[in-house]
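Worksheet: the structure to be examined is printed underneath.
Nothing here was measured: the structure is a model prediction, and the numbers come from that model. Chain A is the first sequence line, chain B the second, and so forth, proteins listed ahead of strands; every chain is numbered from 1.
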Number of protein chains: 2
Amino acid sequence: MSAEANASGYSRSTEDYLKVIYELEGRGAPVQTRAIAEALEIAAPSVSGMVKRLSESGLVEHVPYRGVRLTGSGRRAALKMVRRHRIVETYLTQKLGYDWDSVHDEAERLEHAVSDELIGRMAMALGNPRYDPHGAPIPTKDGQIEEQELLPLSEVPVGSMAELRLVSDRDPELLRYIASLGLKVGVAFEVIGRQPFKGPVTIRLPGKPPRDENLGHELAAALQCWEREGEVG
Amino acid sequence: MSAEANASGYSRSTEDYLKVIYELEGRGAPVQTRAIAEALEIAAPSVSGMVKRLSESGLVEHVPYRGVRLTGSGRRAALKMVRRHRIVETYLTQKLGYDWDSVHDEAERLEHAVSDELIGRMAMALGNPRYDPHGAPIPTKDGQIEEQELLPLSEVPVGSMAELRLVSDRDPELLRYIASLGLKVGVAFEVIGRQPFKGPVTIRLPGKPPRDENLGHELAAALQCWEREGEVG
DNA sequence: TCGCAGATTTAGGCACGCGTAATTCCGGGA
DNA sequence: TCCCGGAATTACGCGTGCCTAAATCTGCGA
Ligand SMILES: [Mn+2]
Ligand SMILES: [Mn+2]
Ligand SMILES: [Mn+2]
Ligand SMILES: [Mn+2]
């Protein structure tokens, strides 16, 4: 048989922990045990145990009762996983006809099995894409990742034009729903209203005739947009 | 995160054991512990332990000190893995430019991560191929597999035409070497000589002018061929 | 400043897969 | 039939990663 367990040398669990910690770290704040536990759907004491191993491996720095932060090598490994995940999602969508709501689960498994070689070939076949199907930036081979300045649709000022740039890939139903509205990454629309107290946001989608849609606050908050101030079509 | 560990529901180890047992079973003879241990590069007592678990799961039947045989569900699961492995190898070769000597290791990992859905899409994109890049038949979705009647080149009678049909995918160096000779699955040639006492086999490859090559006995034994009796070109 | 709620860790346990060392079994030759 | 070498199993141990229950810590509000 041969072939290593896991192209990267780390276990699947380790890889998933690093990725989740990276995503929860955001702007460098220490990540709480409980947040990791929730994201991975694992009991908190299991996380404590794993965190100890990760910190003994030098992948995270752990301040007891405070939280963890990725070390340099932890961050590198995490970015590698993020790249794998996003390239796989892009490949499945572009080359194998997957819809954007069904690639995440597949990628969650494949990211641990693909080699650098395969990721390189997929990226090549795709023309080295910069974003995955949900708009998330794909880290380069050497770990550079673009920082995006985005605004949740729920905070885009009424009256301005916005363009959908990024949606979480975690909720297939949400993805299916917004796709059914004709919304996908890159689509521009006008924000024509927003009700107070977490009320719905109304947007006007391009088309003949233009179509208005009301989006609940929670949904609107999940849609990260570029705002194009003043540019009302 | 979500997403099962392993699309099939069995662990990676379990899947590899089943596949190896299937391959060692050949014509239904019980498979010895030692053979499994060697194929998986694992110590024999580890195999004893795993065999016990496999037999408790109803995947193999174990007669102590004698060997194991796959049960119905064990065979079904094994054939599923064989299908996955071979479709992945074919896909990597056809769609991502891999050489036939480098797909095996990649497939050995990916086979555990791909879903039925993905295998279906890969097979579709390939036009439901019947053989993998090494000539091995690909089981159908419902577990049918073609039985081939092949003869090792070392046993093909001198003077007859033969066509290379199947090579083991385990030895990349062997694969590279025979490819360098211009041999690949489907190539026909004439067997023009064979020395006794495990001596070399001489074949005449088509071309202008035809080219003769001497293949060591061990190599010739690894090349499974169709014999086309009497048809000397 | 105290105490409580919630977060975290510790304690103890389990299944999985692997290993080495020791023991047992099995089949064939004398 | 006995013995012996090789095959297989048993005994024991380890790291990983998960769990629940019990202790412990931390920060905040009264
Ligand atoms: Mn994803
Ligand atoms: Mn994953
Ligand atoms: Mn193979
Ligand atoms: Mn495998």
Using only atom types and a distance under 3.5 Å, with no angle test, would you say the side chain of [X] pairs donor to acceptor with the backbone of [Y]?
X         : Y         : answer
Arg69(B)  : Glu61(B)  : no
Arg165(B) : Gln224(B) : no
Ser73(B)  : Leu59(B)  : no
Glu106(A) : Ser115(B) : yes

Practice problem: Under 4.0 Å from any atom of DNA chain D, heavy atoms only: list the residues of residues 28-36 of chain B that qualify, in numerical order. | Solution: Gln32(B), Thr33(B), Arg34(B)

Self-check item: Residues within residues 57-77 of chain B bordering DNA chain D, heavy-atom distance below 4.0 Å
Solution: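 Within this stretch, His62(B), Pro64(B), Tyr65(B) sit under 4.0 Å of the strand.
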
Residue pair [X] / [Y], side-chain heavy-atom distance below 4.5 Å:
X         : Y        : answer
Glu111(A) : Lys19(A) : yes
Pro137(B) : Arg86(B) : yes
His112(A) : Met81(A) : yes

Quiz item: For Tyr22(B), is the NZ or CZ atom of Arg75(B) found under 6.0 angstrom from the centre of its six-membered ring and inside 45 degrees of the ring axis?
Solution: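 No, a cation-pi geometry is absent between Arg75(B) and Tyr22(B).
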
Quiz prompt | Verdict with reasoning, His104(B) to His134(B), per ring pair (Phe, Tyr, Trp, His ring centres under 6.0 Å) | solution = CA-CA 10 Å; His104(B) 178 73; His134(B) 315 100; 7.5 Å; no

Exercise. For side-chain contact (heavy atoms from CB on, under 4.5 Å), just list the numbers for His62(B) and Lys52(B), CA-CA rounded to whole Å, side-chain angles, deciding distance to a tenth of an Å, and then say yes or no.
Key: CA-CA 8 Å; His62(B) 181 217; Lys52(B) 196 174 171 203; over 6 Å; no

Quiz prompt | Whole angstrom value for the distance that separates C1' of dG15(D) from NZ of Lys52(A) | solution = 13 Å

Quiz prompt | Rounded interatomic separation in angstrom, taking CG from Leu40(A) and P from dT16(D) | solution = 18 Å

Practice problem: Using a 4.0 Å heavy-atom cut-off, write out nucleotides 17-22 of chain D from 5' to 3' as B (base contacted by protein), S (sugar-phosphate only) or - (no contact). | Solution: BSBBB-

